[in-house]
Amino acid sequence: MNTVVAGITYRALLGRRRIILLALLPVALIGLAVLLLLVDSGDQRSAMLLMEKFAIGTMLPLLGLIAGTGVIAPEIDDGTIIHLMSKPISRPVIAQTKFLVAASLIALFAAIPTYVSAWLLVGHEDGIALGFAVGALVAGIAYAAIFLLLGVVTRHAVTIGIIYALVWESLIGGFVQGARKFSVQQWAESIADQISTSPFLTADVTLGFAVPALIIVTVVGVFWTSRRLRVFSLTGDE
């Protein structure tokens, strides 16, 4: 990890409107948890629905999109990536640093709020809060790698990412049985199910498939991003 590249990336990302988007989603999640408590719905079933449908099903992929594309796509669009790549810093180090920045933002804005919202509803009961927090963290890291790669592959990363998150992950991956095996959300729920003992959570994907899939997607995403940066011309053309 290059601290200079990391510092530039943090300042650029957190100083833009993306910080508002990053904060809005976790605030909404915690707000919904508080609302459920106020209407006396602080039970496992309510917590599970909130975690599955909003935390993992909506917030996580969108945060992954914002963080993953936000650490590199804007620099490609405005040309500042050219200045960065003209420095004596290897392209793999740039890619890895960008990935680690995105992953750290996922931990801060996704995993921690997921834990807090679940804890507000059910405390430490049946490991629900811990399970979904770990699932959100691991799956969020995979999302960061996917959307980081998307940011260097196309200038329409945000549009394609939204289609992927809403159509494949939420629609197809959530309702088509065969597609669930290839959904990052389902892998997150598999991790949560392994940690939690709640009877309301049953994963559709085995842990033996989910863990290797998460590792492969993450490693391939970062590696491929490095390869794309290697052939990125200093004129700004790919």
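With hydrogens and angles disregarded, no donor-acceptor distance shorter than 3.5 Å links the side chain of Arg91 to the backbone of Ser226. Between the side chain of Gln185 and the backbone N or O of Gly57 there is at least one donor-acceptor pair closer than 3.5 Å. Remark: side-chain polar atoms of Ser196 are not paired, donor with acceptor, to backbone N or O of Ala192 under 3.5 angstrom. With hydrogens and angles ignored, the 3.5 Å screen pairs no side-chain donor or acceptor of Asp126 with any backbone N or O of Ile128. For the pair Ser117 (side chain) and Leu29 (backbone), a donor-acceptor distance under 3.5 Å is absent. Panel note: side chain Trp187, backbone Lys181; a donor-acceptor pair is recorded below 3.5 Å. Counting only distance, with no hydrogens or angles, the side chain of Thr154 and the backbone of Leu150 share no donor-acceptor pair below 3.5 Å. With hydrogens and angles ignored, the 3.5 Å screen pairs no side-chain donor or acceptor of Glu189 with any backbone N or O of Glu52.
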Notebook entry, point to check: Would Asp43 and Ser46 satisfy side-chain contact (heavy atoms from CB on, under 4.5 Å), going step by step from the backbone distance to the final call?
Noted result: CA-CA 5 Å; Asp43 53 29; Ser46 299; 2.7 Å; yes

Next item on the list: Before giving the answer on side-chain contact (heavy atoms from CB on, under 4.5 Å), spell out for Val217 and Ile146 the whole-Å C-alpha distance, their side-chain angles and the decisive distance to 0.1 Å.
Entry: CA-CA 7 Å; Val217 166; Ile146 292 171; 3.5 Å; yes

Next item on the list: Tell me, with the steps shown, if Tyr143 and Ile106 meet side-chain contact (heavy atoms from CB on, under 4.5 Å).
Entry: CA-CA 9 Å; Tyr143 274 132; Ile106 292 294; 5.7 Å; no

Next item on the list: Could you walk me through whether Ser190 and Asp193 pass the side-chain hydrogen bond (donor to acceptor under 3.5 Å, both in side chains) test, one step at a time?
Entry: CA-CA 5 Å; Ser190 180; Asp193 184 40; over 6 Å; no

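Nearest heavy atoms, Val222 versus Ala145: CG2-CB, 4.2 Å.
Looking only at side-chain heavy atoms (C-beta outward), Lys53 and Thr58 stay at 4.5 Å or farther from each other. Two residues are said to be in side-chain contact when any heavy atoms from C-beta on lie closer than 4.5 Å; Val211 and Val138 fail this criterion. Counting only heavy atoms from C-beta outward, the side chains of Tyr164 and Leu65 never approach each other to under 4.5 Å. Leu25 places none of its side-chain heavy atoms less than 4.5 Å from the side chain of Phe109. A 4.5 Å side-chain heavy-atom check between Val134 and Gln194 finds every atom pair outside the cut-off. Taking 4.5 Å as the limit, some side-chain heavy atom of Leu137 sits within range of a side-chain heavy atom of Ile141. Between Phe200 and Leu49, every side-chain heavy-atom pair lies at or beyond the 4.5 Å cut-off. Using a 4.5 Å cut-off on side-chain heavy atoms (C-beta onward), Phe223 and Pro92 make no contact.
Donor-acceptor pairing under 3.5 Å is recorded for the side chains of Thr9 and Lys98.
One hydrophobic cluster holds both Leu50 and Leu24 under the rule that ILVMFWY side chains link at heavy-atom gaps under 4.5 Å.
Using cut-offs of 30° and 60° for the angle between ring planes, the Tyr115 and His124 rings count as tilted.
More than 12 heavy atoms of other shown residues, nucleotides or ligands fall within 6.0 angstrom of atom CZ in Phe54.
Of the candidates Ile8, Val71, Ile72, Val71 is the only one forming a side-chain contact (heavy atoms from CB on, under 4.5 Å) with Val101.
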